[in-house]
Number of protein chains: 2
Amino acid sequence: MPRQRSTKQRRAIDAVLGNMTRPLSPQEILEQAKIEVPAIGMATVYRALNDLVEEGVLKTVDVAGQPPRYESAHLGHHHHFHCTRCDKVFELEGCLLKQDLQLPEGFFMEHHEITLNGHCPDCKD
Amino acid sequence: MPRQRSTKQRRAIDAVLGNMTRPLSPQEILEQAKIEVPAIGMATVYRALNDLVEEGVLKTVDVAGQPPRYESAHLGHHHHFHCTRCDKVFELEGCLLKQDLQLPEGFFMEHHEITLNGHCPDCKD
DNA sequence: CTAATTGCAAACAGTTTGCAGGCGT
DNA sequence: ACGCCTGCAAACTGTTTGCAATTAG
């Protein structure tokens, strides 16, 4: 079910996604898109995001107990920093997993996810 | 707001939690507790779980895109292995975070979470 | 024109909360 | 008996879906 038409709301959403410097939540994406298209509804944002994940353009970023964020699926392997004060999520380049990792007998690892939690530069006291 | 009374539903929930061999979801805890107290409601389970987390007895274990699970808060620092075939979560002893970790300027880390994903011994090909 | 796309509101799923009655202490 | 605790249902939050109106091609 590929997208067939280019609408002003979809272009607004694509612009927001194209300009984001950190993973955004559906709510944040809606707010940004409303600047361009004030009447845009949340359902349209969710439909666009689901389409883009299905197309392999976006990936979800899950932070414990919070609504998912979205980021480009084309970034290299990396992890995330979650600010516990402002709730923003930032990208951290490089792999943070221990090098000489040794799993118990019989386990086979395919992927891994790492989230660091703390304060971002804007939220330090 | 500490707990003050010992009820049969609370004892049933405590028994389920005391016997669990892996992190359980609220739904699973409800089902187990219903065996002892069939009339128990989901609200009671949620209230008990929230109390226990607040008291520092339980911790939540979040697996991307799945309902939260609960584990004892008294286990040492550890991480989790999520089997993508049977969906069980296993404890991995020790810390798996890279040692000489260096954060971007201005970031301060308080905690970190690591989840390895793959196949457990029972689910290998 | 014609049907894909949207906005709205209703439907959902998971979690929480208000309240009247039940039950520990 | 007092008042904490429970079950129920209603309220909430985040997300999906049905449908009529809008609008891209």
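Chain letters run A, B, ... following the sequence lines, proteins first, then strands; residues in each count from 1.
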- Note on the structure: Regarding the side chain of B:Ile40, the nearest nucleotide among C:dT6, D:dG7, C:dT15 is D:dG7
- Let me know, please, whether A:Ala39 or B:Pro67 comes out on the 5' side of the other along DNA chain C by nearest nucleotide. A:Ala39
- Is a donor-acceptor contact shorter than 3.5 angstrom present between the side chain of B:Arg10 and the base of C:dG24? no
- Query: Which sits closer to the 5' end of DNA chain C, B:Pro26 or B:Lys8, going by the nucleotide each is nearest to?
  - Reply: B:Pro26
- Message: Closest approach to the side chain of A:Tyr46, judged atom by atom: which nucleotide of D:dT23, D:dG14, D:dT17 is it?
- Response: D:dG14
- Phosphate-side-chain proximity, A:Thr7 and C:dT6, N/O vs OP1/OP2 below 4.0 Å: yes
- Task: For C:dT5, take OP1 and OP2 only and decide whether either is under 4.0 Å from a side-chain N or O of A:Arg3.
- Result: yes
- Query: Counting only distance, no hydrogens or angles, is the base of C:dA3 paired donor-acceptor with the side chain of A:Arg5 under 3.5 Å?
  - Reply: yes
- Message: When you measure from the side-chain N and O atoms of B:Asn50 to the phosphate of C:dT16, is any distance below 4.0 Å, counting only OP1 and OP2?
- Response: yes
- If you check the B:Gln4 side chain, which of D:dT15, D:dC4, C:dT6 turns out closest? D:dC4
- Item | Whether A:His112 and A:His77 hold their rings parallel, tilted or perpendicular, with breakpoints at 30° and 60° | perpendicular
- d(A:Ile114 CD1, B:His79 NE2) to nearest 0.5 Å is 8.0 Å
- Item | Nucleotide of D:dT23, C:dA9, D:dC19 approaching A:Ala43 most closely (side-chain heavy atoms) | C:dA9
- Item | A:Gln9 side-chain proximity, nearest of D:dT16, C:dG7, C:dG18 | C:dG7
- Phosphate-side-chain proximity, B:Ser6 and C:dG24, N/O vs OP1/OP2 below 4.0 Å: no
- Interatomic spacing from CD in B:Glu91 to NE2 in B:His78 - rounded to 0.5 Å: 3.5 Å
- Query: Does the A:Lys34 side chain pair with the main chain of A:Ile40, one donor and one acceptor, at a distance under 3.5 Å?
  - Reply: yes
- Message: Quiz question: going by heavy-atom distance under 3.5 Å, is there a donor-acceptor pair between the base of D:dG14 and the side chain of A:Arg69?
- Response: no
